[in-house]
Amino acid sequence: MNAFKGTGVALVTPFHDDQSIDFGSLKKLIDHVVSGGVDYLVVLGTTGEATTLTSSEKKQVLKACLDYNAGRVPVMLGIGGNNTYSVVNEIKNTDFYGVAAILSVSPYYNKPSQEGIVAHYTAIADASPVPIVLYNVPGRTMSNMTASTTLKLSHHQYCGDERGQWKSGTVHANRSCHAKRFFIAFR
């Protein structure tokens with residue numbers, strides 16, 4: 001079952017003036033959006049300043065968000081980048097207890113080919129213990145994941161259902177897959 005229906009909020013990571021993480025404000029933010037009716041949280045996505053945080057800070061933010069959320073709504077964790085090995089390594093070193101899915105941005109800066117995007121996401125899917133959300137944001141990554149690429153990824157060994165919802169332009173898809181994995185592409 002897809003836990004990510006409705007409205008999700010990509011949480012910012014609040015900071016104090018000294019650039020340390022403001023966990024008190026993060027708790028208030030989570031309480032505010034959950035009490036406001038949000039259906040799921042996106043933690044450490046591209047909005048959450050993940051690229052500017054250390055590994056230790058990312059673990060602290062994730063733990064705080066899971067603690068503050070206390071299971072009220074599903075949590076999606078941002079783990080992405082342009083270095084496939086680093087992304088896979090981060091997945092292998094992350095405790096996914098309480099995390100329902102990964103949001104992974106398409107590789108940026110390197111401008112990978114469509115075959116490179118398939119290889120990148122295949123490696124992530126092979127390493128991930130939770131579903132993966134393919135985050136296609138061409139304005140930020142300088143590459144666009146095509147519908148054909150998304151279809152190739154939908155045939156990954158963990159996917160099996162042929163239901164898809166497609167719109168013209170940038171790919172939008174909702175695929176149900178076996179083994180607790182699914183792929184969704186959006187912008």
Side-chain angles (χ1 to χ4, degrees), residues 1-81 87 90-91 93-106 108 121 124-125 128-141 158 161 163-165 167 169-177 179-187:
M1 183 172 134
N2 183 351
F4 300 102
K5 292 183 180 178
T7 301
V9 170
L11 298 171
V12 298
T13 302
F15 294 94
H16 292 290
D17 289 340
D18 68 359
Q19 297 184 13
S20 63
I21 298 166
D22 183 348
F23 289 102
S25 291
L26 182 59
K27 181 181 186 320
K28 288 178 186 175
L29 175 61
I30 291 169
D31 287 341
H32 175 73
V33 298
V34 171
S35 67
V38 73
D39 298 298
Y40 63 94
L41 301 174
V42 179
V43 176
L44 296 173
T46 54
T47 302
E49 293 75 38
T51 59
T52 66
L53 298 175
T54 66
S55 294
S56 175
E57 288 172 323
K58 288 179 186 180
K59 287 179 182 180
Q60 292 172 40
V61 168
L62 174 59
K63 182 181 181 329
C65 288
L66 291 170
D67 289 349
Y68 301 155
N69 178 47
R72 292 179 285 176
V73 296
V75 171
M76 184 182 298
L77 174 63
I79 299 180
V87 173
E90 187 172 351
I91 290 168
N93 289 296
T94 297
D95 178 1
F96 283 92
Y97 181 80
V99 175
I102 292 173
L103 173 68
S104 194
V105 68
S106 189
Y108 48 83
Y121 279 118
I124 292 170
S128 179
V130 296
I132 299 158
V133 176
L134 310 176
Y135 188 20
N136 186 35
V137 55
R140 298 277 189 208
T141 63
Y158 296 116
D161 195 320
R163 292 176 296 151
Q165 298 169 353
K167 296 181 181 177
T170 301
V171 177
H172 296 251
N174 189 347
R175 308 284 295 178
S176 296
C177 301
K180 299 182 181 177
R181 288 181 174 82
F182 62 89
F183 293 92
I184 300 173
F186 60 94
R187 74 172 215 261

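The closest side-chain heavy-atom distance from T46 to R140 is not below 4.5 Å. With a 4.5 Å cut-off on side-chain heavy atoms, V99 and T94 do not count as touching. Contact annotation: the side chain of L11 approaches that of C65 to within less than 4.5 Å [non-hydrogen atoms, C-beta and beyond]. In this structure the side chain of I79 reaches within 4.5 angstrom of the side chain of V87, judged on heavy atoms. The closest side-chain heavy-atom distance from R72 to D31 is below 4.5 Å. Considering only heavy atoms from C-beta on, L53 comes within 4.5 Å of I21 through its side chain.
Separation of atoms CG (L62) and CG (D67) is listed at 9.0 Å; rounding is to 0.5 Å. Remark: Q19 CD to T52 OG1 distance equals 9.0 Å, nearest 0.5 Å. Within the model, atoms CD of E57 and CZ of F15 stand 6.5 Å from one another, a figure rounded to the nearest 0.5 Å. The CG atom of L77 sits 10.0 Å away from the OG atom of S104 when rounded to the nearest 0.5 Å. How far CG of N69 is from NZ of K27: 10.5 Å, rounded to the nearest 0.5 Å.
Within a 6.0 Å radius of CG in D17, no more than 12 heavy atoms belonging to other residues, nucleotides or ligands are found. Counting heavy-atom neighbours within 6.0 Å of H16 NE2, excluding the residue itself, gives a total above 12.
Scanning all heavy atoms of the two residues, the minimum distance from P129 to F96 falls at CG-CD1, 3.5 Å. Contact between A125 and I132 at its shortest, heavy atoms only, is CA-CD1, 3.2 Å. Between A100 and P131, the closest heavy-atom pair is O-CD, 3.1 Å. Of all non-hydrogen atoms in V42 and L103, the two that sit nearest each other are CG1-CD2, 3.7 Å. Heavy atoms only, all atoms of each residue included: V12 and L26 are closest at O-CD1, 3.9 Å. The two residues S128 and I102 have their closest heavy-atom pair at OG-CD1, 3.4 Å.
Between the side chain of Y121 and the main chain of S106, a donor-acceptor pair closer than 3.5 Å is present. Under the 3.5 Å distance criterion, the side-chain polar atoms of D39 are matched with a main-chain donor or acceptor of T7.
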